[in-house]
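These values consider heavy atoms only, across backbone and side chains, with no hydrogens, waters or symmetry-generated copies. Residue numbering restarts at 1 for every chain, and letters A, B, ... go by the order of the sequence lines.
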2 protein chains.
Amino acid sequence: MPNPRKPAPAGAEHAPLELEHFLPYKLSILSNTVSQAIADDYQQRYDLSVTEWRVMAVLARFHGLSAREVAERTAMDKVAVSRALARLVEAGRVHRETHGGDKRRSVLSLTEAGWLIHDDVAPMARAREREVLAKLDAEEQQWLTRILDKLLAH
Amino acid sequence: MPNPRKPAPAGAEHAPLELEHFLPYKLSILSNTVSQAIADDYQQRYDLSVTEWRVMAVLARFHGLSAREVAERTAMDKVAVSRALARLVEAGRVHRETHGGDKRRSVLSLTEAGWLIHDDVAPMARAREREVLAKLDAEEQQWLTRILDKLLAH
DNA sequence: ATGTTATAGTTACAAATGAAACTAATTGCA
DNA sequence: TGCAATTAGTTTCATTTGTAACTATAACAT
């Protein structure tokens, strides 16, 4: 009986994945690279995690959201949002009050301090996005938008 | 003096990001969705993490790699690779010996048991990739490949 | 040769994350 | 009404991950 811990020869029949041509792998590398470049701009400077920044970004765009609505908009789970909000409120970057008619719900907004951070970070994020897109010509940029939107639809 | 913890009005001058049109955000959502779909196929079935699967995939493709080379090929850091390998060797899925001429280096390969898992999981991963690509027509598929390769170059 | 520097990999500890249980408030409905 | 089910959010605990320090070996330079 062959020892299953021994190295096994790799016959041609195995058909291994070629990661460098495998779409999910390429997406993962690209996404991590781009997200990390943006995070590097604000993490040390503001002691702000990626999660926290995403929460701030949606609160800048939509006013008076509840924590659950933030979770929906950011595609994060509610525990992650709860923790990010705890830190943001503690740091005085987000204001939280309870909904008039429903004491379970929070009503969230950026504070003055939160807006200051937002107004510094948002342009940096946009600049990084432009850096990525600058590698493509106009036609490729249009296709990329179209393709991503199609893949993300539904 | 205004209380910085109070909610601040959101004037038009703030220019918040529109996450749903922000490339890094869309990439992140798409990448996580696709990777998770693949992971769901094997995680419970084989008690295999994403990290471990990536290590197995490169060992299927390239034979006799060292841990450092695995880290390079997977774009993972060496600690993550070390931990994944510890589990894979313990589970009898990867064989490890030391390099003849350099006792620091390991020489890695899949075992028979490792190949069995690989030969089951790799086709599932390819099927998921096809599911994603099936949302696009042939022209879009070609542009996507071209665009991703351009963005990932260097 | 011998001390310095670099490389391969592991270990240790802290921080981040995820799943499940929990509290509190609200809704639905018999 | 009153009791079960649902919803919002938090807490707890176990696992994962990331950073830095560490061990061992090898390469390099005098």
If you measure from NE2 on A:His118 to OG1 on A:Thr111, what distance do you get to the nearest 0.5 Å?
12.5 Å
Given the rule that I, L, V, M, F, W and Y join up when any side-chain heavy atoms are under 4.5 Å apart, are B:Val70 and B:Val50 in one cluster?
yes
Less than 4.0 Å between a side-chain N and a carboxylate O, is that true for B:Arg87 and B:Glu90?
no
Salt-bridged, B:Arg126 to B:Glu129, with N to O below 4.0 Å?
no
Of B:Ala80 and A:Val107, whose nearest nucleotide on DNA chain D comes first from the 5' end?
A:Val107
What residue among A:Val58, A:Val81, A:Leu85 forms side-chain contact (heavy atoms from CB on, under 4.5 Å) with A:Leu108?
A:Leu85
Measure the distance from [atom1] on [X] to [atom2] on [N] and round it to the nearest whole Å.
X: A:Asp47; N: C:dA16; atom1: CG; atom2: P; result: 9 Å
X: A:Asp40; N: D:dG18; atom1: CG; atom2: P; result: 14 Å
X: B:Met76; N: C:dT10; atom1: CE; atom2: P; result: 12 Å
X: A:Glu90; N: D:dT10; atom1: CD; atom2: C1'; result: 16 Å

Take B:Glu72 and B:Arg68 through the salt bridge (Lys or Arg N to Asp or Glu O under 4.0 Å) test and state the conclusion after the steps.
CA-CA 6 Å; B:Glu72 277 176 10; B:Arg68 188 188 58 75; 2.4 Å; yes
Base, sugar-phosphate, or nothing for B:Ser49, non-hydrogen atoms under 4.0 angstrom?
nothing
Below 4.0 angstrom from OP1 or OP2 of [N], is there any side-chain N or O of [X]?
X: B:Ser82; N: C:dG9; result: no
X: A:Arg87; N: D:dT10; result: no
X: B:Arg68; N: C:dA8; result: yes

Judged by each residue's nearest nucleotide on DNA chain C, which is more toward the 5′ side, B:Ser106 or A:Asp77?
B:Ser106
Could you check B:Glu69 against B:Arg83 and say which one's nearest nucleotide on DNA chain C is further toward the 5' end?
B:Glu69
List, with names and distances, any nitrogen or oxygen atoms from the protein found under 3.5 Å away from nitrogen or oxygen atoms belonging to nucleotides 21-28 of chain C.
unit_1, atom_1, unit_2, atom_2, d
C:dT26, OP1, A:Lys103, N, 2.9

With distance as the sole criterion, is a donor-acceptor pair present between the side chains of B:Arg54 and A:Ser28 under 3.5 Å?
yes
